[in-house]
2 protein chains.
Amino acid sequence: MTNRLPHSLRYSLRSDARDNRERILAVARTTFAEQGLDVAMREIARRAEVGPATLYRHFPTKAALVTEVFTEQMAACTAIVDEGLADPDPWRGFCRMIERVCELHARDRGFSAAFVSAFPHAIDFAAEREQALGKVAELARRAKAGGKLRPDFVLDDLIMVLMANSGIRTTSPAAAAAASRRFAALLIQGMRAEPAIPPLPPAVRLPLAVVT
Amino acid sequence: MTNRLPHSLRYSLRSDARDNRERILAVARTTFAEQGLDVAMREIARRAEVGPATLYRHFPTKAALVTEVFTEQMAACTAIVDEGLADPDPWRGFCRMIERVCELHARDRGFSAAFVSAFPHAIDFAAEREQALGKVAELARRAKAGGKLRPDFVLDDLIMVLMANSGIRTTSPAAAAAASRRFAALLIQGMRAEPAIPPLPPAVRLPLAVVT
DNA sequence: AGCTAAACGGACGGGGTGTTCCGATAGCGT
DNA sequence: ACGCTATCGGAACACCCCGTCCGTTTAGCT
């Protein structure tokens, strides 16, 4: 009868276990989004109404839980980049991409922190991030070719913008999103190729800080 | 003979105590600057080659040490604002003010964190910050009157910029300063009043997060 | 040099964290 | 209905943190 299970990849997880797993993930998602990654594992277990041991059986370490939680956010991120790339007007696509990525990061503090950091000894989003950055590079190339994006824009500028965006702390998620919108608009204005372009200071490589 | 001490306000601190106090402050300054405020008091005591109790005798709490350490940085901050205000060209003064404040924050992670936070139950820089912000408002008013600064700039935008600047994390202090320079230039470009000014999204109040 | 009070610092308590052990519980196939 | 076993969760471990107590050291005045 086990084969009667709807084509699910979950190899025979007992019903209570599956419920707990999903409740843990839901709780972790909202909590990380609201409070960032500095949430105690105990706290997540408490909110999910399970014991700490149960949490650790499903996710052997905190980094594992974090990566599991943010895999879908990473997908949303690449989807945003893809949509920007699909826009026939590359500059408009570039702008919308930045606006939406900034807002996504503003709405999820944990994802924002995870994105600009690197977890050692854990599957992180390095591969997906690099892939997305490659697409952004293509989008930027087109926007430059269209004459709208200043030619001295580099990819590290985007990393810088996202790091900066993650520094904006507010009380409510709505305020964070609003601040992020204004911030992105200000920066986009600065990235526009102007008739008389004052040169920017040199770009900086921004290697991701390692999270202990 | 105690009166022979050069006009010092230090009421009779024993020589070893004064040495320790100064060494603690020096260590705290550099450590906070490099690593931010999340440094253990023990660690500061260790680097200053004193016991934890000595550290706590000189500064009864961590917040006290932090405020003591960053008082001079706060003075540097207001000095920068004053210099900007003294510039005959208000727009140039405004730009230089932003650049220099951003660089100051980039060079001192601890000060940056302390500036955009509020310590409860501790003398924080609220008064000085408000005073400096008042001067910035005057500078911004002049820059707007000169037609160089976009009219919809608000003071909270500066807070936002400083918060964002504090989110830029790098490996070396030099890289942080360089990134900060580029970041500030990008933002200043966005703050410039353009012939055709695309309206910004609404501004957002950014109450300072409380540090526990 | 000797004495006294100021200053020192190792050890301690209370609370936090990520993670693990193991006896109790409860799903599920029979 | 029963029993096997996957799963649960409270208690515990090891390690951090901030801040304090108290016996020891030492500066500085006579």
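Letters go in sequence order (proteins before strands), and every chain restarts at 1.
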Report the distance from atom CD of E49(B) to atom P of dA7(C), rounded to the nearest whole Å.
20 Å
Integer-rounded Å distance: dG28(D) C1' and R18(B) CZ
13 Å
Before accepting this row, confirm whether a basic side-chain N of the pair K135(B)/E138(B) lies closer than 4.0 Å to the acidic partner's carboxylate O.
no
Using atom types as modelled and distance alone, determine if a side-chain donor or acceptor of T71(B) lies under 3.5 Å from a backbone N or O of T67(B).
yes
Flag, side chain of D87(B) to backbone of G84(B), donor-acceptor distance under 3.5 Å
no
Pull out every protein N or O sitting under 3.5 Å from an N or O of nucleotides 17-21 of chain D, one pair per line with the distance.
unit_1: dC18(D); atom_1: OP1; unit_2: M41(B); atom_2: N; d: 3.3
unit_1: dC18(D); atom_1: OP1; unit_2: K62(B); atom_2: NZ; d: 3.2
unit_1: dC18(D); atom_1: OP2; unit_2: M41(B); atom_2: N; d: 2.9
unit_1: dC18(D); atom_1: N4; unit_2: R42(B); atom_2: NH1; d: 3.4
unit_1: dG19(D); atom_1: OP1; unit_2: T61(B); atom_2: OG1; d: 3.0
unit_1: dG19(D); atom_1: OP2; unit_2: Y56(B); atom_2: OH; d: 3.4
unit_1: dG19(D); atom_1: OP2; unit_2: K62(B); atom_2: N; d: 3.1

Can you tell me how far P of dT7(D) sits from CZ of R14(A), to the nearest Å?
6 Å
Whole-Å distance, R23(A) CZ to dG9(D) C1', equals 13 Å
Rounded to the nearest angstrom, tell me the gap between atom CG in N20(B) and atom P in dA6(C).
17 Å
What does S15(A) touch in the nucleic acid at a heavy-atom separation under 4.0 angstrom: a base, only the sugar-phosphate, or nothing?
sugar-phosphate
Judged by nearest nucleotide, the residue sitting upstream toward the 5' end of DNA chain D, D16(A) or D16(B), is D16(A)
Give a yes or no answer on whether the side chain of R182(B) reaches the backbone of P201(A) with a donor-acceptor pair at less than 3.5 Å.
yes
Does any N or O in the side chain of R141(A) come within less than 3.5 Å of the main-chain N or O of V136(A), such that one atom is a donor and the other an acceptor?
no
Hey, what's the ring geometry for H105(B) with F115(B), parallel, tilted or perpendicular (30° and 60° as the breaks)?
perpendicular
In terms of the angle between their ring planes, are F153(B) and F94(B) parallel, tilted or perpendicular, with boundaries placed at 30° and 60°?
perpendicular
When the distance from CG of L55(A) to P of dT19(C) is rounded to whole Å, what number comes out?
9 Å
Can a side chain N or O of T54(A) be found less than 4.0 Å away from OP1 or OP2 on dT7(D)?
no
OP1 or OP2 of dC8(C) sitting under 4.0 Å from any side-chain N/O of H58(B)?
yes
Whole Å only: how far is the CZ atom of R21(A) from the C1' atom of dT7(D)?
14 Å
